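First up is the structure itself, then whatever we jot down about it.
Only a predicted model underlies this, so the values are computations on that prediction, with no experimental measurement involved.
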Amino acid sequence: QVQLVESGGGVVQAGGSLKLSCTGTPRGLSRGVMGWFRQAPGKEREFVAAIRWRDGTTNYTDSVKGRFRISRDYTKNMVDLQMNSLTPEDTGVYYCAGRRDLFLVRAPAEYDSWGQGTQVTVSS
């Protein structure tokens, strides 16, 4: 039973932009906190950004601050990640995740709903 589905990945040159979207069932969109994570080959999954459904409060990892923007749309049951000024270091599989608690946490283990991921490749 799929709860979250990501879209919008692709190949882009350094300096370019991509917009990722996450949609899903109400169960998957936990209405607590939604997060984006990424995993590069040979590396652990890492936190990118999170947003609290209730008030739109956001949190970002330092490496994407000022370049990425997470947003949510109640009417579309969707969470987006706008990525600008991309670098090859941003390459990886990007995952959408949800948790029912209201705390903006960064540990992947704290999220209980996950999508299957979408590949983002940034060429130099």
Side-chain angles (χ1 to χ4, degrees):
Q1 183 178 358
V2 175
Q3 295 182 322
L4 296 172
V5 178
E6 304 93 341
S7 63
V11 180
V12 64
Q13 289 188 334
S17 299
L18 281 175
K19 184 177 181 179
L20 306 182
S21 294
C22 174
T23 60
T25 61
R27 181 183 178 88
L29 295 167
S30 64
R31 302 305 192 198
V33 168
M34 297 298 297
W36 284 96
F37 294 77
R38 65 187 179 191
Q39 188 166 18
K43 294 188 177 180
E44 294 186 352
R45 192 169 299 187
E46 65 171 353
F47 171 81
V48 176
I51 188 167
R52 185 183 295 136
W53 270 107
R54 182 181 64 181
D55 58 10
T57 301
T58 59
N59 189 268
Y60 297 90
T61 192
D62 286 347
S63 64
V64 307
K65 285 181 180 177
R67 301 189 299 123
F68 290 13
R69 181 176 180 271
I70 188 171
S71 61
R72 88 271 193 248
D73 188 325
Y74 274 102
T75 61
K76 297 181 180 179
N77 280 338
M78 183 179 292
V79 176
D80 292 334
L81 184 69
Q82 176 66 47
M83 306 186 295
N84 301 321
S85 302
L86 286 161
T87 73
E89 288 69 35
D90 295 315
T91 293
V93 178
Y94 281 69
Y95 297 90
C96 175
R99 66 191 303 266
R100 295 190 179 279
D101 197 273
L102 296 179
F103 293 103
L104 290 165
V105 297
R106 299 187 173 198
E110 298 293 330
Y111 290 75
D112 48 32
S113 299
W114 288 88
Q116 294 185 326
T118 184
Q119 177 70 45
V120 171
T121 302
V122 184
S123 61
S124 57

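Gly98 approaches Met34 most closely through the heavy-atom pair CA-SD, 3.6 Å. Smallest separation of non-hydrogen atoms from Ala14 and Ser124: CB-CA, 4.4 Å. Counting all heavy atoms, side chain and backbone alike, Leu4 lies closest to Cys96 at CD1-O, 3.8 Å. Of all non-hydrogen atoms in Ser113 and Gln3, the two that sit nearest each other are OG-OE1, 3.3 Å.
Side-chain atoms of Tyr111 come within 3.5 Å of backbone atoms of Val105 as a donor-acceptor pair (strictly under, hydrogens ignored). At distances below 3.5 Å, not a single donor-acceptor pair connects side-chain atoms of Arg106 with backbone N or O atoms of Ala49. For the pair Gln39 (side chain) and Gly92 (backbone), a donor-acceptor distance under 3.5 Å is absent.
Residue-environment remark: CZ (Arg69) stays at or below the threshold of 12 foreign heavy atoms within 6.0 Å.
Between Met83 and Val12, every side-chain heavy-atom pair lies at or beyond the 4.5 Å cut-off. Thr23 has its side chain out of reach of Lys76: every pair of non-hydrogen atoms, C-beta onward, lies at least 4.5 Å apart. When side chains are defined from C-beta on, Trp53 counts as touching Arg72, because their heavy atoms get closer than 4.5 Å. Residues Trp36 and Phe68 are not in side-chain contact: their nearest non-hydrogen atoms beyond the backbone lie 4.5 Å or more apart.
Partners of Arg67 according to the salt bridge (Lys or Arg N to Asp or Glu O under 4.0 Å) rule, which considers only residues two or more places apart in sequence or in another chain, are Asp90. Evaluation of the side-chain hydrogen bond (donor to acceptor under 3.5 Å, both in side chains) rule for Asp62 yields Lys65 as partners, not counting sequence neighbours. Under the side-chain hydrogen bond (donor to acceptor under 3.5 Å, both in side chains) criterion, Glu89 pairs with Thr87, sequence neighbours left out.
Here OG1 of Thr118 is found 14.0 Å from CZ of Arg38. Values are rounded to the nearest 0.5 Å. Once rounded to the nearest 0.5 Å, the distance linking OG of Ser123 with CD of Gln13 reads 5.0 Å. Note that CG of Leu102 is 6.0 Å distant from CZ of Arg52, once rounded to the nearest 0.5 Å.
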Test side-chain contact (heavy atoms from CB on, under 4.5 Å) on Gln119 and Val11 and set out the steps.
CA-CA 8 Å; Gln119 177 70 45; Val11 180; over 6 Å; no
Test side-chain contact (heavy atoms from CB on, under 4.5 Å) on Thr61 and Glu46 and set out the steps.
CA-CA 9 Å; Thr61 192; Glu46 65 171 353; 5.6 Å; no
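Trp114 and Phe37 have tilted rings, their planes meeting at an angle from 30° to 60° on a 0 to 90° scale.
For Asp80 and Lys19, the salt-bridge test passes: some basic side-chain N is under 4.0 Å from an acidic carboxylate O.
Ser17 and Asn84 form a side-chain donor-acceptor contact under 3.5 Å, judged by distance and modelled atom types alone.
Put simply, the residue from Leu20, Ile51, Val64, Val48 that forms a side chain to side chain contact (heavy atoms under 4.5 Å, CB included) with Ile70 is Ile51.
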